[in-house]
*Asks:* 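Below you will find the structure I want to go over with you.
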Amino acid sequence: MAATTKTNSELFFNGLLNENPIFRLALSMCPAVGLTTTMMNGLLLGTAVTFVQVFSSCTIALIKDYIHPRIRIPTYTFTIATWVTVIDMILAAYVPAAYKEMGIFVKLIVAFAIITMRLETFACKNNVVKSFWDGLGMGLGFMFGMMSIGFVRELLGMGTLFGYKILDFRPLLFFVLPAAGFFCIGLMMAIFNYVEFKMKSKGGKR
Amino acid sequence: MKNIIRIIIGLIITCVLAGLVMGGVFTLTHEKKQENEHLRFQETMLGLLGFGKGNPAPQDLRFVSIYRYTLEDPKDPERKDLGYIVPVFKDEKEVFKLLIMSQEGEFKKALDLNLAMDKAMEEQERQKALEQTLGKGVKLSFGDAIILAKKGNERIAFLLPGRFPGFKTVIKVMLALSPEYTIKGLEIMEHEEDPGLGGEITQDYFRNQFVGKPFSKLVELKVVKEPLPDEYRKVLEATRGHVSSEQEKALSQYKDREIYALTGATISSRAVTEGVKNIVRNFAYRFQNLEKVLASQGLSPAF
């Protein structure tokens, strides 16, 4: 694949909607199932992933010409691990309040499939500016996905949003349990596909 | 061959660069991070005593710490002794001493320890001082700390950091006990219970159920699976984080109640109750032994 011909804004919205990491690419499903019990978790993890994705994409786009093709993947892993550690340390030092909530999630990001995948399919073939927009779009798309699942699960499971009481009762306790994550993601993916299908058939093209 | 060498060199350079970046950030942020951790610890301690924003701690409040270690002699691995790092008065000055005693509370040795007063909070510094005194052969493992809060010369509370297994992983807590071993407060420092279920252990209406329970009630405390009465819940939730002395009085009316289990999280509720019971029981036993030994040795403890 050669360098992309898309404009920066197209790249940005591509990650957010057309190629949303969770609903369309179905990558990084572990955090999407395990950690989306509240909207806050989604927001915090999404922020951290966005940072790591943007920094890693830019780094790889910068050094792509010097990487031996045989050791691509180890280099990506190194890059991601380095940025995750750096962000972990910076958060712990300067934003202790957020780190208290987020600390355990940040270290998990090293293993997220979405970041490695973006480096492999995009950053190593494009320049820094394009990689930046792609990383930002993917990161925010991930955050959007996590937060929308969190929205459903928190509201139905606990009757709260961002920890504030919305409903006076807890409709379905089942939704905070890990198994409900599968149901939730499956249903939301179906809704996503349905909406897209409707939109396409309305347009009458393809 | 040439390829392999290029790959090896590439990997080495990547590793070195990554190491440099991480090392650089570490040196920049390390001190600040530790400072934050100490600050948080301090805040929790003050919060448990009822001090915080709007109710600043008095000037003459101070904390004295005792650290407990388990010592294992390599020649006789069956025998494990307790080593306490205790601050004592010597020539009107506070210094640390290492008291070694058996598990049953028999006195063995008292040794001088080369540890500055303000460095004792760092685990590495304590380790270094202990190794210097005991020699390298003895196996050391840190047990826990007992922190005494003092106002002037009067003891106002014991603060006990502790850990015990929860439903999923270890739960870290800090307990505040009055000098008569009545619970003054419980703070959950770290846990990974299910949010919405076991995670509710951090809520006021669960934590505060422990407040006001005297030692005699605590040793036989049970968890009951009954709905929490509304009027009790109101009293429990009135505290909003800090328990004031009036609220402590209101809560002590309920001191004969058992702990009401959280809905859908009986295991977490039981784990916390048992954990708290064990921490207090172990503390009471060990602290009595320690005080006996100190008195019999004629040492004047700085607590």
Side-chain angles (χ1 to χ4, degrees), chain A residues 34-41 55 59-60 63 66-101 103-105 150 153-160 163 170 172-178 180, chain B residues 2-44 167-170 172 187-200 202-203 237 262-265 268:
Chain A
L35 301 173
T36 48
T37 44
T38 63
M39 259 181 108
M40 201 54 177
N41 281 359
F55 282 127
T59 316
I60 291 299
I63 60 169
Y66 308 105
I67 304 172
H68 194 283
R70 281 278 183 79
I71 50 163
R72 260 177 7 257
I73 304 294
T75 317
Y76 299 158
T77 316
F78 273 131
T79 317
I80 299 168
T82 311
W83 281 117
V84 168
T85 318
V86 165
I87 286 172
D88 184 71
M89 289 193 282
I90 290 177
L91 281 177
Y94 298 107
V95 208
Y99 184 73
K100 205 178 132 196
E101 307 288 326
I104 40 169
F105 302 147
R153 289 182 71 185
E154 193 178 356
L155 191 65
L156 291 182
M158 298 205 266
T160 58
R170 302 168 80 180
L172 278 168
L173 198 54
F174 163 68
F175 267 88
V176 293
L177 297 173
Chain B
K2 214 177 148 196
N3 243 341
I4 291 177
I5 291 172
R6 278 190 57 192
I7 289 174
I8 291 172
I9 291 174
L11 276 176
I12 290 174
I13 293 176
T14 327
C15 285
V16 170
L17 281 180
L20 280 178
V21 172
M22 285 194 272
V25 178
F26 180 78
T27 37
L28 287 177
T29 56
H30 177 61
E31 243 168 65
K32 189 90 180 129
K33 186 176 168 181
Q34 270 196 333
E35 208 181 295
N36 282 333
E37 267 161 25
H38 285 174
L39 216 65
R40 202 181 139 221
F41 200 74
Q42 208 100 39
E43 244 167 49
T44 316
F167 179 47
K168 281 193 166 167
T169 52
V170 174
K172 284 189 186 167
E187 184 70 57
I188 312 282
M189 309 272 289
E190 258 175 57
H191 77 92
E192 276 175 46
E193 306 299 288
D194 289 319
L197 299 166
E200 299 281 296
T202 56
Q203 300 284 334
E237 284 186 339
L262 292 165
T263 318
S268 298

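So you know, we letter chains A, B, ... as the sequences are listed, proteins then strands, and number each from 1. In what follows, every heavy atom counts, from backbone to side chain, and hydrogens, waters and symmetry copies are set aside.
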*Asks:* Output every pair passing ring-ring contact (aromatic ring centres under 6.0 Å, His included) with a member in residues 16-39 of chain B, not counting sequence neighbours, ordered by first then second residue.
*Replies:*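 For residues 16-39 of chain B: B/F26-B/H30.
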*Asks:* Which is it for A/F78 and B/L17 under the side-chain contact (heavy atoms from CB on, under 4.5 Å) test, yes or no, and what are the steps along the way?
*Replies:* CA-CA 10 Å; A/F78 273 131; B/L17 281 180; over 6 Å; no
*Asks:* Using a heavy-atom cutoff of under 4.5 Å, enumerate the residues of residues 79-88 of chain A that contact chain B, numbered in order, or state 'none'.
*Replies:*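 Against chain B, the residues of residues 79-88 of chain A that fall inside the cut-off (heavy atoms, under 4.5 Å) are A/T82, A/T85, A/V86.
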*Asks:* Does atom CZ (B/F167) have a neighbourhood of more than 12 heavy atoms from anything else shown, all under 6.0 Å?
*Replies:*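 Not more than 12 within 6.0 Å, no.
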*Asks:* So, B/N36 side chain and A/A93 main chain: donor-acceptor pair closer than 3.5 Å or not?
*Replies:*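 Judged by distance alone, yes, a pair lies under 3.5 Å.
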*Asks:* Considering only heavy atoms from C-beta outward, does the side chain of A/P74 approach that of B/L11 to under 4.5 Å?
*Replies:*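 Result yes, sub-4.5 Å side-chain heavy-atom pair found.
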*Asks:* Starting at CD1 of B/I4, measure out to NE2 of A/H68 and round the result to the nearest 0.5 Å.
*Replies:*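 Atom-to-atom, B/I4:CD1 and A/H68:NE2 are 10.0 Å apart.
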*Asks:* Given side-chain contact (heavy atoms from CB on, under 4.5 Å), test B/L28 with A/M89 step by step and report yes or no.
*Replies:* CA-CA 9 Å; B/L28 287 177; A/M89 289 193 282; over 6 Å; no
